[in-house]
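Here is the structure we will look at, set down as structure tokens.
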Amino acid sequence: MNKTIKACQDVVATGLAMFNSNLVVGTWGNISTRVTEEEVMALTPSGMDYNELQPSDIVLVDFQGKIVGGNRRPSSELPLHLAIYQGRKDVNAIVHTHSIYASALAAARKPIPAAVEDLVQIVGGDVRVSKYVLPGTAELGTAAVQAMEGRNAVLLANHGVVGVGRDLREALRVCQIVEKAAQITIMASLLGGVVELSSEDIAAMRNFYLHGYGQQ
């Protein structure tokens, strides 16, 4: 199968999984993945229902922001995706959600501490909050990349979550685990607050995830 077609199919499937995981409401959120041999990204269109989205609706955009395939208008967060791909060569997929608990922390501008093992394994540590910038702007992308240095997730202030990964499956899993960790953080605050893991333990668990976890 052509890799571009497969990428578009994967974006559609990830959109359904994101919607069914209650990480977004309505048509909000956006998803993309690199199509490396074409040097483009496959990106969700603006304002379309995930339950109706078809591979033919996915927009192909090069890394200078030029639309090179598809008949739809791309997500308004195209500048965010461009900034991440340009600033993070290790990232092959991006999932942007508006999940409830993580967005609550983003609205409070409170980071998610490095206190849960699966979070530090897949994200690399705590989840920082980027400075507030209007959505749909290049400045939002710059702020996100800065706050996401050394991490696979970021809370966008007063906005939502961005999770990145080596593929779409990992990027979606990042968002799911960030949402779970956000819920744990809020609940733990009722018990006196979280106890963060040591930097040594975080590094060890991150290394295990990258090199020893799963059927590698």
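When reading the values below, keep in mind they use all heavy atoms of this one structure, side chains included, and skip hydrogens, waters and symmetry mates.
Here the closest non-hydrogen pair linking Val133 and Ala143 is CG2-CB, 4.0 Å. Shortest non-hydrogen contact noted between Ala7 and Val35 is CB-CG2, 3.6 Å. Nearest heavy-atom pair, Pro74 versus Leu43, reported as atom, atom and distance to 0.1 Å: CB-CD2, 3.8 Å.
Two residues are said to be in side-chain contact when any heavy atoms from C-beta on lie closer than 4.5 Å; Ile31 and Ile94 fail this criterion. Val120 has its side chain out of reach of Val116: every pair of non-hydrogen atoms, C-beta onward, lies at least 4.5 Å apart. A heavy-atom distance below 4.5 Å is not found between the side chains of Met18 and Gln176. Between Asp201 and Ser198, the closest side-chain pair of non-hydrogen atoms falls below 4.5 Å. Between Gln121 and Arg206 the shortest side-chain heavy-atom distance does not fall below 4.5 Å. Side chains of Val164 and Met148 form a contact here, defined as non-hydrogen atoms less than 4.5 Å apart. Residues Leu168 and Val11 are in side-chain contact: their nearest non-hydrogen atoms beyond the backbone lie under 4.5 Å apart. Side-chain contact check for Asp62 versus Ile67: every heavy-atom pair is 4.5 Å or farther apart.
The aromatic ring centres of His96 and His81 sit 6.0 Å or more apart.
Environment of CG in Asn71: sparse, with no more than 12 heavy atoms of neighbouring residues, nucleotides or ligands closer than 6.0 Å. In this structure, Glu149 places its CD atom where only 12 or fewer heavy-atom neighbours from other residues, nucleotides or ligands lie under 6.0 Å away.
The backbone N or O of Pro113 sits nowhere less than 3.5 Å from a side-chain atom of Glu196 that would complete a donor-acceptor pair. Asn20 contributes no side-chain N or O that, together with a main-chain N or O of Ala17, makes up a donor-acceptor pair within less than 3.5 Å. A donor-acceptor distance shorter than 3.5 angstrom exists from the side chain of Arg34 to the backbone of Tyr85, with no hydrogens or angles considered. Here the side chain of Thr33 pairs no donor or acceptor atom with the backbone of Met41 at under 3.5 angstrom. Under the 3.5 Å distance criterion, the side-chain polar atoms of Gln183 are left unmatched by any main-chain donor or acceptor of Tyr101.
Both Val61 and Ile84 are members of a single hydrophobic cluster when ILVMFWY side chains are connected at heavy-atom separations under 4.5 Å. Linking ILVMFWY residues whenever their side-chain heavy atoms come closer than 4.5 Å, directly or via other members, places Val24 and Leu53 in the same cluster. A single hydrophobic cluster is seen to contain both Ile184 and Val174, as judged by linkage of ILVMFWY side chains at heavy-atom distances under 4.5 Å, directly or through other members.
In this model, no donor atom of one side chain and acceptor atom of the other lie less than 3.5 Å apart for Gln146 and Ser130. A donor and an acceptor atom, one from each side chain of Tyr50 and Thr44, are nowhere located under 3.5 Å apart.
Taking CH2 of Trp28 as the start and OG of Ser76 as the end, the distance is 10.5 Å to the nearest 0.5 Å. Here CG of Asn152 is found 11.5 Å from CZ of Arg173. Values are rounded to the nearest 0.5 Å.
Between Leu23 and the choices Leu172, Val95, Val161, the side-chain contact (heavy atoms from CB on, under 4.5 Å) rule is met once, by Leu172.
Through side-chain heavy atoms spaced under 4.5 Å, either directly or across other Ile, Leu, Val, Met, Phe, Trp or Tyr residues, Met187 is tied to no other residue.
Listed by first and then second residue, the salt bridge (Lys or Arg N to Asp or Glu O under 4.0 Å) pairs that reach into residues 91-119 are Asp118-Lys180, sequence neighbours excluded.
Asp90 has a carboxylate O that lies under 4.0 Å from a charged side-chain N of Arg88, or vice versa, which qualifies the two as a salt bridge.
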Any chance you could lay out the salt bridge (charged side-chain N to carboxylate O under 4.0 Å, His left out) test for Asp126 and Arg151, step after step, and finish with the verdict? CA-CA 8 Å; Asp126 62 340; Arg151 301 287 189 270; 2.8 Å; yes
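Annotation: salt bridge (Lys or Arg N to Asp or Glu O under 4.0 Å) contacts of Glu170 (sequence neighbours excluded): Arg166.
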